[in-house]
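Accompanying notes for the structure given below.
Throughout, numbering of the chain's residues begins at 1 and tracks the sequence.
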Amino acid sequence: MKKKITDLVEEYIGNFYEFDSNPQIRVNPDLDRVALVNGSDMLGEIGDSDEAVENAANADGAETEEATDYQVSQNPDFYPVKQLLKTLSDGKVVPDEKKIEKITAIYAQK
């Protein structure tokens, strides 16, 4: 996962003009998938996830609890890309390996 996140941060560095002011790394912890998305995409996904959980909560039975648990496990985690950047003394911007390692450590425990 560390390499995937580092590659996405490098993609942002090389193409920052293609993203809005709040780019995010999206992590699906259940599927071990990561993606680089705009902040507006993040807000939309959070709304969709909340709606799915609410819909599952409004139904009855054990089936509902399983559906809610599944939906929660599919909810992505988001990390601001700009917090994963480090500026070197020569002005070059690179991925901050220490901060990326902190993120990957979270998922290594799961």
Do side-chain atoms of [X] reach the backbone of [Y] as a donor and acceptor pair under 3.5 angstrom?
X: Asp96; Y: Lys99; answer: yes
X: Lys4; Y: Asp32; answer: yes
X: Asn28; Y: Arg33; answer: no
X: Asp41; Y: Val37; answer: no
X: Asn22; Y: Ser40; answer: no

Enter the distance from [X]:[atom1] to [Y]:[atom2] here, rounded to the nearest 0.5 Å.
X: Gln83; Y: Ile103; atom1: CD; atom2: CD1; value: 8.5 Å
X: Asp20; Y: Asn38; atom1: CG; atom2: CG; value: 4.0 Å
X: Thr6; Y: Glu101; atom1: OG1; atom2: CD; value: 8.5 Å
X: Leu8; Y: Ile13; atom1: CG; atom2: CD1; value: 11.0 Å

Distance-minimising heavy-atom pair for [X] and [Y]:
X: Gly39; Y: Gln24; answer: CA-CG, 4.3 Å
X: Val9; Y: Leu84; answer: CG1-O, 3.9 Å
X: Pro29; Y: Pro76; answer: CD-CA, 4.4 Å

| field | Salt bridge flag under 4.0 Å for residues Glu97 and Lys2 | value | yes
| request: Please name all residues satisfying salt bridge (Lys or Arg N to Asp or Glu O under 4.0 Å) with Glu18, sequence neighbours left out, ordered by chain then number. | output: none
| message | Could you go through Tyr79 and Val27, starting from their C-alpha distance and side-chain angles, then the distance that decides it, and tell me whether this counts as side-chain contact (heavy atoms from CB on, under 4.5 Å)? | response | CA-CA 8 Å; Tyr79 300 93; Val27 177; 3.9 Å; yes
| Residues in ring pair (Phe, Tyr, Trp, His ring centres under 6.0 Å) with Tyr12, at least two apart? | Phe19
Any side-chain heavy-atom pair of [X] and [Y] under 4.5 Å:
X: Lys102; Y: Ile106; value: no
X: Ile25; Y: Asp77; value: no
X: Leu85; Y: Val94; value: no
X: Arg26; Y: Val34; value: no
X: Phe16; Y: Val93; value: no
X: Lys86; Y: Pro95; value: no

| query | Partners of Lys3 by side-chain contact (heavy atoms from CB on, under 4.5 Å), sequence neighbours excluded? | reply | Asp7
